[in-house]
Engineer: 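Can you read through this structure? Questions will come right after.
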There are 2 protein chains.
Amino acid sequence: MAERLCPRFEDAFELLGKRWTGMIIKVLLSGPKRFKDISDVIPNMSDRMLSERFKELETAGIIIRHVYPETPVRIEYELTDKGKDLEGSMNEVQKWAEKWCLDIPNS
Amino acid sequence: MAERLCPRFEDAFELLGKRWTGMIIKVLLSGPKRFKDISDVIPNMSDRMLSERFKELETAGIIIRHVYPETPVRIEYELTDKGKDLEGSMNEVQKWAEKWCLDIPNS
DNA sequence: TATTATACTTACATAAAGTAAGTAATTTAT
DNA sequence: ATAAATTACTTACTTTATGTAAGTATAATA
């Protein structure tokens with residue numbers, strides 16, 4: 001019998017292997033963001049999905065939700081240390097994407 | 001209006017953001033493998049999914065399918081240069097996973 | 001007073017993934 | 001010779017995930 005794939009790697013891709021997750025993390029690497037900030041940058045993702053991903057990422061300890069009781073209330077999402085530590089991975093994917101994924105310029 | 005997320009990065013995560021894709025690539029980084037070799041190493045993935053992912057990865061130019069007309073026929077899947085170039089990303093994810101994803105030992 | 005903005009939720013439709021079984025070619029075991 | 005096993009899939013059906021559209025609550029602005 002063959003060895004199994006590393007279960008920690010599996011866990012990592014249980015998260016990153018969901019649509020939008022990588023993109024959300026990428027955007028948050030440039031600092032805390034509000035809900036709208038992220039949906040503006042990833043416009044083909046629905047609010048419903050962003051909301052769901054935020055919850056998953058919070059549960060996974062990758063982001064924290066900050067509520068600033070101003071008027072009107074301001075809510076920001078920030079990467080935890082665990083989340084920030086994904087910067088290396090995201091940078092590698094970015095480098096790979098720049099090398100291999102063609103940019104199709106829009107009209 | 002905010003800038004959009006880099007479309008190449010989006011393309012990259014259109015692939016990596018699908019279940020099993022990252023794991024399949026990880027396994028193939030150690031050399032060409034047969035269908036069964038991969039399903040053994042990732043046992044909770046169904047054959048149906050492996051078959052589908054192989055097709056997507058071939059279309060994306062990340063793997064090549066080799067048919068060796070022996071008897072019985074042997075089929076192997078190998079990473080292309082584009083695929084092998086994901087090693088850096090996968091290694092970063094592996095390092096992150098080892099640091100942050102707890103290993104839950106099974107009984 | 002009506003409209004806009006933010007940060008969501010809800011209901012419903014469609015697409016993706018899971019489950020189980022089946023297939024075809026060949027090999028090994030009885 | 002016949003039955004069981006192996007590899008690399010496919011097919012049919014079910015469940016889960018995601019997409020789409022609309023709605024809600026609070027407050028600001030016109």
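Chain identifiers are assigned alphabetically (A, B, ...) following the order of the sequence lines, protein sequences preceding nucleic acid strands; residue numbering begins at 1 within each chain. The model shown is predicted, which means the values in this text are computed figures rather than measured ones.
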Engineer: Looking only at side-chain N and O atoms, does B:Y77 come under 4.0 Å of OP1 or OP2 in D:dC9?
Structural biologist: yes
Engineer: OP1 or OP2 of D:dT7 sitting under 4.0 Å from any side-chain N/O of B:K36?
Structural biologist: yes
Engineer: When the distance from CE of A:M49 to P of D:dA21 is rounded to whole Å, what number comes out?
Structural biologist: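 The distance from CE of A:M49 to P of D:dA21 comes to 15 Å, rounded to the nearest Å.
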Engineer: Under 4.0 Å between a side-chain N or O of A:K55 and OP1 or OP2 of C:dT9?
Structural biologist: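 Result: yes.
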Engineer: Within this structure, what is the CD1-to-P distance between A:I38 and C:dT6, rounded to whole angstrom?
Structural biologist: 14 Å
Engineer: What is the distance, to the nearest angstrom, from the CE atom on B:M45 to the C1' atom on C:dA16?
Structural biologist: 16 Å
Engineer: Shortest non-hydrogen contact from A:F13 to B:L16?
Structural biologist: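 For A:F13 and B:L16, the tightest heavy-atom pair comes out as CE2-O, 3.9 Å.
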Engineer: Counting only side-chain nitrogens and oxygens, does A:R34 get under 4.0 Å of the OP1 or OP2 atom of C:dA5?
Structural biologist: no
Engineer: Looking only at side-chain atoms of A:R48, point me to the closest of D:dT10, C:dT6, D:dT20.
Structural biologist: D:dT20
Engineer: Taking atom P of C:dA5 as reference, at what distance in whole Å does atom CD1 of A:I75 sit?
Structural biologist: 18 Å
Engineer: Look at A:S51 and C:dT9 and indicate whether a side-chain polar atom (N or O) is within less than 4.0 Å of OP1 or OP2.
Structural biologist: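 For A:S51, the contact criterion (side-chain N or O under 4.0 Å from OP1 or OP2 of C:dT9) is met.
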Engineer: Does A:R19 come within less than 4.0 Å of B:E14, counting only side-chain N to carboxylate O?
Structural biologist: yes
Engineer: Applying a strict under-4.5 Å side-chain criterion to I, L, V, M, F, W and Y, I'd like to know whether A:L29 and A:L86 cluster together.
Structural biologist: yes
Engineer: In whole angstrom, what separates A:E76's CD from C:dC8's C1'?
Structural biologist: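 From A:E76 CD to C:dC8 C1': 17 Å.
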Engineer: Counting only side-chain heavy atoms from C-beta out, which of D:dT20, D:dC9, C:dT6 sits nearest to B:R65?
Structural biologist: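 Of all the options, the side chain of B:R65 is nearest to D:dC9.
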Engineer: Could you check whether B:F54 gets within reach of a base, just the sugar-phosphate, or nothing at all, counting any heavy atom under 4.0 Å?
Structural biologist: nothing
Engineer: Measuring to OP1 and OP2 of C:dG18, would you say a side-chain N or O of B:W20 lies under 4.0 angstrom away?
Structural biologist: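 Checking C:dG18 against B:W20, a side-chain N or O does come within under 4.0 Å of OP1 or OP2.
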Engineer: Check whether any side-chain nitrogen or oxygen of A:R19 sits under 4.0 Å from OP1 or OP2 of D:dG19, and answer yes or no.
Structural biologist: yes
Engineer: C:dT9 P sits how many Å from A:E52 CD, rounded?
Structural biologist: 10 Å
Engineer: Using whole Å, what does the distance between atom P of nucleotide D:dT18 and atom CG of A:N44 come to?
Structural biologist: 15 Å
Engineer: Atom CG of B:D47 and atom P of C:dT19: how far apart are they, to the nearest Å?
Structural biologist: 12 Å
Engineer: Is A:K95 paired with A:E92 through a side-chain N to carboxylate O contact shorter than 4.0 Å?
Structural biologist: yes
Engineer: What is the nucleic acid contact for A:R74, judged by heavy atoms within less than 4.0 Å: base, sugar-phosphate only, or nothing?
Structural biologist: nothing
Engineer: Between the side chains of B:E56 and B:R53, is the shortest nitrogen-to-carboxylate-oxygen separation below 4.0 Å, so that they form an ion pair?
Structural biologist: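 Judged by the 4.0 Å cut-off on N to carboxylate O distance, B:R53 and B:E56 do form a salt bridge.
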